[in-house]
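Note that the structure is a prediction, hence the values are computed from the model and not measured.
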Amino acid sequence: RNEAGLHEANAAGTERVARAALGAGVERFVHVSSLAARGPDGASGPATGYGRSKLEGERWLRALAPDGWATTLRPSAVYGPGDRDLLPLFRAAGAGLLPTPPAALRLQPVHGDDLAELIARAVLATEPLPFGPWPVAEPRAYRWDEAARAFAQAVGRPNLRVVPLPPVAFRFAAYANEAFAWATRTAPTFDLRRARDLSERSYTCDPGPTGRAFGWTAATPLERGAAGTAAWYRAEGWM
């Protein structure tokens with residue numbers, strides 16, 4: 001609900017789990033951080049409370065972890081069956097009208113299956129783990145008009161109307177969601193952090209070093225991943 005809660009979960013929580021794992025004799029520790037801990041393209045550090053909390057969790061783990069015991073992965077936007085962050089985009093596309101961020105921004109996601117495979121490789125590694133942090137994403141970054149075509153194909157809307165909107169429109173939607181969440185005492189489904197990350201910032205990276213370190217590549221292109229995600233949403237009644 002707020003930055004204090006993010007810190008408690010992502011920073012203090014990581015420290016507690018790492019200490020417990022060390023005490024229990026756990027052999028491998030894989031920390032799933034976020035590209036937000038690095039910050040958006042061109043920035044010198046995280047731009048959000050979420051990113052700051054993830055970076056602090058990385059620092060706790062680095063201070064606690066013996067050499068070769070832990071590794072930190074920094075995935076970009078994760079999507080796939082079960083994901084709720086990109087669900088509004090699929091629903092909008094399904095309705096025939098997709099608002100998108102400015103065309104200059106880029107999207108470089110990673111499918112949940114690909115991330116899970118990388119986590120499994122790290123957990124099952126027999127060699128000492130390099131700490132990283134390791135960027136995790138599909139090799140390709142997409143313009144938003146390219147991403148919109150993938151969503152259109154996924155939801156069966158070849159004539160999808162794509163409407164680029166200014167960042168203020170996304171911020172307005174975030175304020176409305178935060179007000180509703182405050183009134184109902186729930187966590188917002190779309191908050192100001194997500195709005196700014198989506199409409200004002202690009203999070204792209206080079207996953208090549210990660211692939212070489214773990215013998216891995218994100219093998220699911222957005223077109224195929226979006227199609228499978230949309231099919232899952234429909235099967236579950238989410239859209």
Side-chain angles (χ1 to χ4, degrees), residues 32-36 38 40-42 50 73-121 134-165 167 170 189-190 193-212 214-236 238-239:
V32 182
S33 181
S34 169
L35 206 58
R38 183 208 66 187
D41 294 1
Y50 173 75
L73 308 177
R74 283 180 173 175
S76 59
V78 183
Y79 75 102
D83 169 62
R84 293 184 181 274
D85 280 358
L86 294 187
L87 175 60
L89 295 181
F90 283 88
R91 285 176 170 168
L97 180 64
L98 179 63
T100 64
L105 298 182
R106 296 290 183 269
L107 175 70
Q108 189 178 3
V110 61
H111 193 276
D113 287 353
D114 292 330
L115 175 58
E117 181 190 348
L118 176 59
I119 293 169
R121 284 175 179 263
W134 300 100
V136 182
E138 184 183 336
R140 177 183 173 186
Y142 297 84
R143 299 191 311 269
W144 271 100
D145 62 324
E146 295 172 324
R149 286 197 294 270
F151 291 130
Q153 182 178 352
V155 300
R157 288 275 189 171
N159 297 319
L160 175 68
R161 185 181 176 190
V162 179
V163 182
L165 295 179
F170 290 89
T189 56
F190 186 69
R193 188 266 300 180
R194 290 184 177 91
R196 285 178 168 163
D197 277 351
L198 186 66
S199 66
E200 300 175 30
R201 302 160 179 151
S202 293
Y203 286 84
T204 63
C205 64
D206 175 12
T210 309
R212 290 188 290 275
F214 292 95
W216 166 91
T217 186
T220 308
L222 180 59
E223 293 85 353
R224 177 155 51 88
T229 301
W232 188 93
Y233 286 152
R234 286 192 290 266
E236 294 297 318
W238 287 23
M239 60 174 287

Legend entry - Interatomic spacing from OG1 in Thr229 to CH2 in Trp238 - rounded to 0.5 Å: 11.0 Å
Legend entry - Nearest heavy atoms of Pro139 and Ala218, plus distance in Å: CD-O, 3.6 Å
Inset, instruction - Kindly indicate whether the side chain of Trp216, heavy atoms from C-beta on, has any atom under 4.5 Å from the side chain of Val136. - result: yes
Inset, instruction - Work out which heavy atom in Met239 is nearest to a heavy atom in Ala230; give both atom names and the distance. - result: SD-O, 4.4 Å
Legend entry - Separation of Phe214 CZ from Trp134 CH2 (nearest 0.5 Å): 6.0 Å
Legend entry - Side chain Thr217, main chain Gly211, donor-acceptor under 3.5 Å: no
Legend entry - Closest approach of Phe90 to Ala154 (non-hydrogen atoms, all atoms of both residues): CE2-CB, 4.4 Å
Inset, instruction - Indicate yes or no: at least one non-hydrogen side-chain atom of Leu98 is less than 4.5 angstrom from one of Leu89. - result: yes
May I have the list of side-chain donor-acceptor pairs in residues 101-120 shorter than 3.5 Å, sequence neighbours left out?
unit_1 : atom_1 : unit_2 : atom_2 : d
Arg106 : NH1    : Ala103 : O      : 3.2
Arg106 : NH1    : Ala104 : O      : 3.2
Gln108 : OE1    : Cys205 : N      : 2.8
Gln108 : NE2    : Glu138 : O      : 2.7
Gln108 : NE2    : Cys205 : O      : 3.1
His111 : ND1    : Asp113 : N      : 3.0
Asp114 : OD1    : Ala219 : N      : 3.4
Asp114 : OD1    : Thr220 : OG1    : 3.3
Asp114 : OD2    : Ala219 : N      : 3.3
Asp114 : OD2    : Thr220 : N      : 3.0
Asp114 : OD2    : Thr220 : OG1    : 3.0
Glu117 : OE2    : Arg121 : NE     : 3.1
Glu117 : OE2    : Arg121 : NH2    : 3.2

Inset, instruction - Kindly indicate whether the side chain of Leu222, heavy atoms from C-beta on, has any atom under 4.5 Å from the side chain of Tyr79. - result: yes
Inset, instruction - Locate the shortest heavy-atom distance separating Pro75 from Ser33; write the atom from each residue and the value. - result: CD-O, 3.4 Å
Legend entry - Short side-chain to backbone donor-acceptor contact, Arg157 and Gly94, under 3.5 Å: yes
Legend entry - Separation of Arg91 CZ from Phe151 CZ (nearest 0.5 Å): 14.0 Å
Inset, instruction - Please name the pair of heavy atoms, one in Arg201 and one in Pro40, separated by the smallest distance, quoted to 0.1 Å. - result: CB-CB, 3.7 Å
Inset, instruction - Supply the atom-to-atom distance Tyr203 OH to Arg38 CZ, rounded to the nearest 0.5 angstrom. - result: 8.0 Å
Inset, instruction - Could you please spell out the steps behind the side-chain contact (heavy atoms from CB on, under 4.5 Å) verdict for Asp145 and Val162? - result: CA-CA 8 Å; Asp145 62 324; Val162 179; 5.9 Å; no
Inset, instruction - Compare every heavy atom of Arg194 with every heavy atom of Asp85, then report the nearest pair and how far apart it is. - result: OD1-NE, 3.3 Å
Inset, instruction - For the residue pair Ser202 and Asp41, confirm or rule out a side-chain donor-acceptor distance under 3.5 Å. - result: no
